[in-house]
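First the proteins, then the strands, lettered A, B, ... as listed; each starts at 1.
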Amino acid sequence: MKGKYLEDLREILEEYEANKAEIDDIINDYAQLYDDAKANGKSDEEIYQILGKPDEVVDDLMDSLKFKRHKDKGNKIVALMPFISVITYMILGFVYNLWNPGWIVFLSIPMVAIIANTRFKNAIVALSPFLSVIAFLILGFEFQLWHPGWMVFLFIPMSAIILNTRLKDMFVAISPFVATIIFIVLGFYYDLWNPGWLVFLMIPMIGVLYKPNKLHVFLYELSFIVAIGFYLYMGYVYELWAYGGLGFLLPFGIGILLGDVKFELDAIEGPQKNKVIVMLLTIFFCIAAFLTLGFVLDGWIYAWQVFLLIPVVAILAFDKFRFTAIAPFVAVVLFFSIGYFFDMFHISWLAFMIIPIAAILENA
Amino acid sequence: MNTQFKKGILEMCILSIIHDHDMYGFEVIEKLSSEIDVNENTVYPILRRLTSQGLFDTYIEQTKIGAPRKYYKITELGKEKFNDYETEWTAFLKGVFKLLGGMRDER
């Protein structure tokens, strides 16, 4: 635990390109703090609380750190990007008549700023809305794949999960997105909405793999396999899909027997409880809104935007409010909605400017 | 409470406890958190900043538990800074108490 903590701290300090001697000094100090806390009878979890998350520690240390000189070069490029973008845009427009989609070059202004000033992991997450928009527009304009091209936006939460979650939790956390992608592909391309929805069972099936009791894992996995087999058998052989669904009472019953399925939220306590309820309601609302807009109004092209509400609500519920954190999502919605509903993509890219503006105003 | 304001108070408290005798990092954290409600993980960055500003000197001393420890010792500059803080803070508190007392009298 101590080794991992110090390793994480060193990694972040190195990503910031802090001075080598200073990094060694800080690591030595934290090693001492850790040992002293341990000698005082603190547990690893308590020490983690006392010392703070490595990334927050580095944020707090920023004003006393010395950085290598070449970090300045990055800021020069950031400062030059607006000019480079305007020149590139003019050349694309006047010489090649590519005014549209030539405006995409302006997205390079916030993107370069993110690359130059953000740590690797956070940079990928912060860049994900831009990369998704670019991929979405290419799929839409070039291949008319607005739907299911919107699925590239799932890259935004997926990148955040992959880069910020421990390997152990990552597969569970990412499984809903993978299941959604498979479900949509099976549904639209092979008309397998049913039994395609069974892919969502991968979420609990992967989740139970991490239970410490191996017998419980076996019982759960077996019950899922039996239930799926029964469902498919009843459906394909007798056309009795609804009766086949009764098979899922088996894993549900095992969940009740083993005490994992409870009809209460008492297991979650304190202020976290309300937040978890808000998150669950948000997810249900988003899925309902997405399906309603898609099926009722045939709004698949724009309905995906409701899913951006999930990371926004998560940030608002679990983090300190900073507009900079939600600015990429607000910008994507403004950009796409103004562009799509008013056919003004050539102007709506300006919405992305709120990201560096928010960052400058909040960090100044 | 305003973060900058809180940081200022913490700086003053750290200067105050190391003013009396030299201390090592964890000792400062323990002492502070036993007296006031403080976010413990903000203490070391403040210690480091104050050291880089020349308000503390550091030296290493061998310990019984094995690894040597870094101790923080207040400098003359640190003492001056602490006196400034103390004067400002006393004047500020006087004003606050006067206002609170005045409001109580009005009621």
Side-chain angles (χ1 to χ4, degrees), chain A residues 1-3 5-6 8-10 12-13 16 18-67 319-322 324 361-364, chain B residues 1-4 6-11 14-15 17-18 22-73 75 77-78 81:
Chain A
M1 194 77 180
K2 176 188 167 191
Y5 184 86
L6 298 177
D8 288 348
L9 188 58
R10 180 180 285 280
I12 298 169
L13 286 163
Y16 270 115
N19 187 297
K20 168 92 173 64
E22 235 178 348
I23 294 177
D24 291 341
D25 191 39
I26 291 168
I27 297 297
N28 279 338
D29 287 349
Y30 271 91
Q32 272 175 44
L33 289 172
Y34 210 106
D35 289 341
D36 284 329
K38 205 79 187 173
N40 272 267
K42 307 282 183 196
S43 68
D44 284 320
E45 283 72 26
E46 284 172 321
I47 298 173
Y48 195 89
Q49 288 291 324
I50 292 170
L51 302 186
K53 285 186 195 164
D55 56 341
E56 288 174 6
V57 167
V58 176
D59 281 344
D60 283 339
L61 286 169
M62 286 306 270
D63 47 0
S64 65
L65 284 176
K66 294 184 192 81
F67 298 98
D319 248 338
K320 265 191 299 188
F321 176 77
R322 291 184 75 239
T324 311
L361 289 177
E362 273 190 333
N363 297 325
Chain B
M1 195 186 283
N2 176 296
T3 316
Q4 286 305 323
K6 213 171 178 178
K7 266 190 182 166
I9 296 172
L10 272 182
E11 277 185 22
I14 292 173
L15 281 166
I17 57 175
I18 300 181
D22 304 352
M23 282 178 138
Y24 58 92
F26 190 71
E27 201 180 1
V28 178
I29 295 175
E30 286 273 273
K31 175 78 180 164
L32 265 182
S33 56
S34 67
E35 301 290 344
I36 51 176
D37 181 18
V38 58
N39 198 349
E40 291 137 321
N41 53 45
T42 56
V43 177
Y44 173 78
I46 296 175
L47 261 179
R48 191 169 178 85
R49 191 175 63 248
L50 296 183
T51 307
S52 71
Q53 289 170 356
L55 306 186
F56 292 128
D57 267 341
T58 59
Y59 62 92
I60 304 290
E61 207 168 87
Q62 204 59 41
T63 63
K64 286 175 198 159
I65 59 166
R69 251 188 210 137
K70 185 190 270 184
Y71 277 80
Y72 294 84
K73 178 188 177 68
T75 60
L77 189 64
K81 184 79 180 172

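Rounding to the nearest 0.5 Å places CG of Leu47(B) at 10.5 Å from CD of Glu11(B). For the atom pair Thr42(B) OG1 and Asp60(A) CG, the distance stands at 6.5 Å (nearest 0.5 Å). Note that CZ of Arg48(B) is 7.0 Å distant from CG of Leu61(A), once rounded to the nearest 0.5 Å. Interatomic distance, NZ of Lys42(A) versus CD1 of Ile50(A), reported as 4.5 Å (0.5 Å rounding). The distance from atom CD1 of Ile60(B) to atom CD of Gln62(B), rounded to the nearest 0.5 Å, is 9.5 Å.
Neither the backbone nor the side chain of Tyr34(A) has a heavy atom closer than 4.5 Å to any heavy atom of chain B. With a 4.5 Å cut-off on non-hydrogen atoms, Lys38(A) does not touch chain B at all.
Residues of residues 26-38 of chain B lying under 4.5 angstrom from chain A, judged on non-hydrogen atoms, are Phe26(B), Ile29(B), Glu30(B) in numerical order. Annotation: residues 49-57 of chain B contacts chain A through Arg49(B), Ser52(B) [non-hydrogen atoms, separation under 4.5 Å].
In this structure, the side chains of Asn41(B) and Gln49(A) stay at 4.5 Å or more apart for every pair of heavy atoms.
Within the 3.5 Å criterion, the main-chain N or O of Lys70(B) finds a donor-acceptor partner in the side chain of Gln32(A).
Note on Lys2(A) versus Asp44(A): no salt bridge recorded, every NZ/NE/NH1/NH2 to OD/OE distance being 4.0 Å or above.
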Q: Show your working on side chain to side chain contact (heavy atoms under 4.5 Å, CB included) between Tyr72(B) and Ile14(B) and close with a plain yes or no.
A: CA-CA 10 Å; Tyr72(B) 294 84; Ile14(B) 292 173; over 6 Å; no
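Among Asn40(A), Asp29(A), Asn28(A), Asp25(A), the residue making the largest number of heavy-atom pairs under 4.5 Å with chain B is Asp29(A).
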